[in-house]
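If you're wondering where the values come from, they're calculated on a predicted model, not measured in any experiment. Index from 1, following the sequence.
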Amino acid sequence: MRFTLWMAVLVAGGAVAHADAHVDFARDIRPLLNTHCTACHGGVKKAGGISFLARETAVAAGDSGERAIVPGQPDSSEMLVRVASASEDVRMPPPDHGRGLTPAEIDLLRRWIAAGAEWRQHWSFQPPVDPPAPPVRDASWPRVPFDAFVLFHLETEMLEPARPATPAEWLRRVSLDLTGLPPSLVDYENFVADVGGAPDSAADRAARAKQVDRLLASPHFGERWSSLWLDLARYADTFGVEKDPTRTIWPWRDWVIDAFARNVPFDQFVIEQLAGDLLPEPTQAQRIATGFGRNHVLTTEGGVIHEEYRVEYVADRVQTAATAFMGLTLQCARCHDHKFDPISQREYFQLFAFFNSIPDPVARHGKRPNVVEPVVKLRSHADEAALIAINDRLGGTKPDGDTAKESAAIEDRTVKVMVMADLPSPRQAHVLDRGQYDAPRDPVAPGVPAFLPPLLEGGAANRLALARWLVDPRHPLTARVAVNRWWEMLFGRGLVETVEDFGTQGATPTHPDLLDHLAASLVREGWDVRKLLKRIALSATYGQSSRAPAEAFARDPENRLLARGPRFRLPAETVRDQALFASGLLVERIGGPSVKP
């Protein structure tokens, strides 16, 4: 009864407070515009010469000469006249375009315009600023600094954290999360002995830190945490399309596993995958890293139009890079200005231009190639030495039969892995009408969207410049998107639930201050992935039991407030590996060609 009464008071009080509160553009107005207006007045259509994508177009006069929004003057704003009209011929949105605005929504618009129609940039397009930890009543609960952000939200909602997970619960959770495998009996016994039966003591915390260090150092950590990245890069051991022949891209997969195992800083991880070949004196491994951009579907069909498919390959790289690194849905801007986000079609093709000079030759039909140039050739030390000896022996003369056979045998054993490399002279990019390969319009140079920071000054505008721009501390998206994905792997849900869409149609963060703290910490601490994961794994937030009273589940069924530990379904690969591990049948060898079932 007390809970019901408290909820009634909270809801009633919240409604009154909201009616009197300052109208927030991101919370109150942007959702209304996206839901009711931008389908006809956005990036695709600009009916009547009006677009609500940006303030400058929203307050400008339309084709009729009327201004949809006159800041500070709601009665002079044509938008309010239209949305409040009783006439179906005048009212916006029209009856056949969905429901009209409610009186409460119209009042929000009126108050917003009267206050000056403030137009704040979308939260994720602003650089993260590390906020100070908020004050909390239970100062004994936080184990790491960011726990205070979680506890502050819980105390605000009059909730308490769940009890700590038992040692067995915590060890199983952290083992599966960091390595994809359950702990062995020996691991558990060692952990319990180190804890010494005193939960939340100095010995307990030291024992947990010891286990996390062990798991992060395990070769299986690289396997587990590379799996997310392989999916983002659309890794596959076949080309796709028609006969779906096998291709050689597994050396790039091994590079990703090794990068996580070696704790390569995330900024370096990004740069080498986008532009390892453009670094000064690139190593073979750095060139292999650029296989990131060759994981796309690739046709080996006969009779195809080469330029049509080449454009598709470049567009695939743009979409994949935008999703993986920035959490943006760029692909619709290929045909027209983005419907919801401030990305024009021209800006899309400026990004396209960064990837437009990769050769992408036609795959030879009928030859069933397992690679398409450009490639890096991988040979054993013995074969490299043998080739040098053959070249020295020939001295430029034509090889005899035996030498030719020896050379051919070495070539057959050579692994060729597809990578990115640019043509000697850049290929000119154009805006393509409706995104069609055969409809070029204005030429464009490589560039980035205007709503984001500019490219760093100096040097060529190439893939290396793009990669360095992505990891520039000024960039508002890269670090946020990365930590949000890692949070999802540990908690089953991102702080931003739409992990691949940080644009205006994406979800707002449940804990914006926590997200910014994690993103700022990642950059400040040298993009150290293991350091961040260790901090999360040792936090009180992560260490809660997933069990909670029924009332807590009713209040927050999806655990958005983090009042209990994570509980979610294991991925299929982990379920399979658990069964093999428990039965002693798991093959723990890492690397090499994939097994085709």
Is [X] salt-bridged to [Y], going by a charged N under 4.0 Å from an acidic O?
X    : Y    : value
D130 : R524 : yes
D360 : R317 : yes
E373 : K416 : no
E525 : R535 : yes
K46  : D337 : yes
R379 : E411 : yes

With a 4.5 Å heavy-atom cut-off, do [X] and [Y] have their side chains touching?
X    : Y    : result
T323 : T329 : no
I390 : I410 : yes
V417 : V371 : no
Q578 : L176 : yes
P342 : E347 : no
F502 : N484 : yes
Y348 : V431 : no
L580 : R576 : yes

Original post:
How far apart are the C-alpha atoms of F325 and V481, what are their side-chain angles, what is the distance that settles it, and do they pass the side chain to side chain contact (heavy atoms under 4.5 Å, CB included) test?
Top reply: CA-CA 7 Å; F325 301 118; V481 169; over 6 Å; no

Give me the atom names and distance for the closest heavy-atom approach of [X] to [Y].
X    : Y    : result
S594 : R253 : OG-NH1, 2.7 Å
A324 : R485 : O-NH1, 2.8 Å
P509 : V496 : CB-CG2, 3.8 Å
H517 : S521 : O-OG, 2.7 Å
L328 : F125 : CD2-CE2, 4.0 Å
I257 : E223 : CG2-N, 3.9 Å

Original post:
Short question: side chain of D528, backbone of R530 - any donor-acceptor pair under 3.5 Å?
Top reply: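 Yes, because the side chain of D528 sits within donor-acceptor range (under 3.5 Å) of the backbone of R530.
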
Subject >> Heavy-atom donor-acceptor pair, W252 side chain to I288 backbone, under 3.5 Å >> reply: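 No, because the side chain of W252 does not come within donor-acceptor range (under 3.5 Å) of the backbone of I288.
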
Could you measure the distance from the [atom1] atom of [X] to the [atom2] atom of [Y]? Nearest 0.5 Å is fine.
X    : Y    : atom1 : atom2 : result
T38  : H338 : OG1   : NE2   : 10.5 Å
L378 : R413 : CG    : CZ    : 14.5 Å
T574 : L181 : OG1   : CG    : 8.0 Å
I536 : L518 : CD1   : CG    : 5.5 Å
L274 : I271 : CG    : CD1   : 9.0 Å
R346 : H430 : CZ    : NE2   : 10.5 Å

Subject >> W250/V415 under side chain to side chain contact (heavy atoms under 4.5 Å, CB included): CA gap, chis, key distance, verdict >> reply: CA-CA 10 Å; W250 59 261; V415 175; 3.9 Å; yes

**OP:** For residues F260 and W486, establish whether the separation of their ring centroids is below 6.0 Å.
**Re:** no

Original post:
Looking at W255 versus F292, is the centre-to-centre ring distance below 6.0 Å?
Top reply: no

Would you say the side chains of [X] and [Y] form a donor-acceptor pair under 3.5 Å?
X    : Y    : answer
D422 : N462 : no
E384 : H381 : no
T290 : D277 : no
T403 : D400 : yes

Original post:
How are the rings of W229 and F266 set to each other: parallel, tilted or perpendicular (split at 30° and 60°)?
Top reply: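 Geometry flag for F266 against W229: perpendicular rings.
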
Subject >> Sequence neighbours excluded, every pair satisfying side-chain hydrogen bond (donor to acceptor under 3.5 Å, both in side chains) that has a member inside residues 445-455 >> reply: none

**OP:** Mind checking side chain to side chain contact (heavy atoms under 4.5 Å, CB included) for T35 and listing every partner two or more places apart, or none if nothing turns up?
**Re:** none

**OP:** Could I get the full list of side chain to side chain contact (heavy atoms under 4.5 Å, CB included) partners for R569, not counting sequence neighbours?
**Re:**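 If we apply the side chain to side chain contact (heavy atoms under 4.5 Å, CB included) test to R569, skipping adjacent residues, there are no hits.
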
**OP:** Evaluate the criterion side chain to side chain contact (heavy atoms under 4.5 Å, CB included) for residue pair W123 and L515; output intermediate values, then yes/no.
**Re:** CA-CA 12 Å; W123 68 268; L515 178 64; 3.8 Å; yes

Would you list the atom pairs, donor with acceptor, under 3.5 Å between side chains in residues 434-461 and any protein atom, with sequence neighbours excluded?
{"from": "R441", "atom 1": "NH1", "to": "D433", "atom 2": "OD1", "distance (Å)": "2.8"}
{"from": "R441", "atom 1": "NH2", "to": "Q345", "atom 2": "OE1", "distance (Å)": "3.4"}

Subject >> Worked check of salt bridge (Lys or Arg N to Asp or Glu O under 4.0 Å) between R247 and D237 >> reply: CA-CA 6 Å; R247 65 180 173 191; D237 288 298; over 6 Å; no

Subject >> With W527, the side chain to side chain contact (heavy atoms under 4.5 Å, CB included) member among V264, L532, V270, L522 >> reply: L522

Can you give the donor-acceptor pairs under 3.5 Å from side chains of residues 487-494 to other protein atoms, not counting sequence neighbours?
{"from": "R493", "atom 1": "NE", "to": "E558", "atom 2": "O", "distance (Å)": "3.4"}
{"from": "R493", "atom 1": "NH1", "to": "E497", "atom 2": "OE1", "distance (Å)": "2.7"}

**OP:** Using the test salt bridge (Lys or Arg N to Asp or Glu O under 4.0 Å), find all partners of R234 that sit at least two apart in sequence or belong to another chain.
**Re:**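 Per chain and number, R234 pairs via salt bridge (Lys or Arg N to Asp or Glu O under 4.0 Å) with D316.
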
Subject >> Audit row: E312, R334, salt bridge (Lys or Arg N to Asp or Glu O under 4.0 Å) steps and yes/no >> reply: CA-CA 11 Å; E312 292 303 318; R334 174 179 172 181; 2.7 Å; yes

